[in-house]
Amino acid sequence: MKFNVAGKSLQQHLNAVSKVINSKNALSILDNFLFTIEGNQLTITGSDQENTVSATLEIAGSDTDGSVAVHAKRMLDIIKEISNQPITFYVNEETYEIDIKFQSGHFNFTGINPDEYPRQQAMSEDTQKISVPTTMIHKGIENTLFAAATDPIRPVMTGIFFDIHEKDITFVSSDTHKLVRYINTEDAPGIERSFILPGKPAAILRSLISKDDSEIVITMDANKATFHFGCFKLTSKYVLGNYPNYNRVIPENNPFALTVDRASLLNAMRRVSLFASAASSLVRINIQPNEMILSAQDLDYATSAEERVICEYEGNSMIIGFNAIYMIEVLSNLKSDNVILQLSDPARPGLFVPQTEESDESTVMLLMPMQVIE
């Protein structure tokens, strides 16, 4: 088996597929890429058992179809050094010996029998398919991934909930301290379905989607979803379980609204949080007409900080506490110049919403308050 390929293109595709490969795998075969030749196309596949990523690129001079497994780290190291030139692969289909020739030399090593590489199970009978703009999926993941839990105690909270409706896709994530609901109506999926995408494949998907990809085809069955876009295909098993009723958590009646410059509040929160207790990261916010006073103290080290931020507010004065780390995350992931903080009382969650956003988007970020001792 022989084929020619551009080094730079091969390096880009290998780097993309390598994102799914774990540094330590229970099955040693998963330390490898699977190379598959069909006609003038090379498909590179990587997997961690739960998730699989494949990329297809054009090749030349292929003399026969076939496949071989190649150690991922070795392959990445080799291509890094010769990526700026054309490369020719020679593969002995009986011994799986691989010879890689480039302009001034060659590398020789042994691959692995491709039959050892785990094959994906076929989709079940209850398959549904939608085709939507890639921007819907990219924005959905970008706006919610940061709020997903990292603690595996509650697995359903470690992913992004895709709640697909006839006219929109609602993306939800929460770690029980903060919750994000992002609704995108850019296109109408035309079906009703939901699943929980784990955090790892969500992050990979976000990194692989490019501005050149116009549409993404999502194929779903009872256990997994496949995302097909451009030259990439990502397949991921769902997080099993029922996602909590997120709409019930979001309070509807919030009579008080505070409007503030997002960057000003974010920078003030970062400064004041330097003096918050390391155990709680509590920052008190004293909300008054047209200003909010941020304060923090660490009794263990006898330190404190206070800063005033100008805002627009008409309502009852109140003191509410938030975890500075979570609030910084929320403010960092809101895209609007101004943020509206909707409140009812210090014991109920605060809702952070952008003052302006696209007509086909709706974002709500909820942050649970902390107890403030007067």
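It should be emphasised that the depicted structure is a prediction, and the values quoted were computed from it without experimental measurement. Residue numbers start at 1 and run along the sequence shown.
Using a 4.5 Å heavy-atom threshold, the side chains of D175 and Y326 count as touching.
If you run side-chain contact (heavy atoms from CB on, under 4.5 Å) between I44 and each of T56, V53, L10, only L10 comes through. Test I310, V309, L331 against V260 for side-chain contact (heavy atoms from CB on, under 4.5 Å) and you get one pass: V309.
No hydrogens or angles considered: a donor-acceptor pair under 3.5 Å links the side chains of T88 and N4. For the residue pair D221 and T127, no side-chain donor N or O sits within less than 3.5 Å of a side-chain acceptor on the partner. In summary, the side chains of E58 and N40 do present a donor paired with an acceptor at a separation below 3.5 Å, with no hydrogens or angles considered. Side-chain atoms of T52 and S47 form a donor-acceptor pair, as typed in the model, at a separation below 3.5 Å.
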Check step by step if side chain to side chain contact (heavy atoms under 4.5 Å, CB included) holds for F171 and N143. CA-CA 8 Å; F171 302 82; N143 280 282; over 6 Å; no

Could you give me the CA-CA distance, side-chain angles and deciding distance for F102 and F107, then say whether ring-ring contact (aromatic ring centres under 6.0 Å, His included) is met? CA-CA 9 Å; F102 51 101; F107 296 110; 5.2 Å; yes

Let me see the working for M220 and I191 under side chain to side chain contact (heavy atoms under 4.5 Å, CB included), right down to the final yes or no. CA-CA 11 Å; M220 300 156 282; I191 66 170; 3.8 Å; yes

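Note: N113 CG to E93 CD = 11.5 Å, rounded to the nearest 0.5 Å.
In this structure T363 satisfies the side-chain hydrogen bond (donor to acceptor under 3.5 Å, both in side chains) test together with E357, sequence neighbours excluded.
For E252, the CD atom is loosely surrounded, since the number of other residues' heavy atoms within 6.0 Å does not exceed 12.
Looking only at distances, no side-chain donor or acceptor of Q355 sits under 3.5 Å from a matching main-chain atom of N338. Judged by distance alone, with hydrogens and angles left aside, the side-chain atoms of N32 form a donor-acceptor pair with the main-chain N or O of I29 at under 3.5 Å. Side-chain atoms of D63 come within 3.5 Å of backbone atoms of K2 as a donor-acceptor pair (strictly under, hydrogens ignored). Between the side chain of K233 and the main chain of C231, no donor-acceptor pair closer than 3.5 Å is present.
For residues 126-151, the set of pairs meeting the salt bridge (Lys or Arg N to Asp or Glu O under 4.0 Å) definition, not counting sequence neighbours, comprises D126-R193, K139-E361.
Cluster partners of M157, by chain and number: V156, F161, V172, L179, I196, V239, Y243, Y246, V249, I250, I340, L351, V353, V364, L366, M368. The rule joins Ile, Leu, Val, Met, Phe, Trp and Tyr whenever side-chain heavy atoms lie under 4.5 Å apart.
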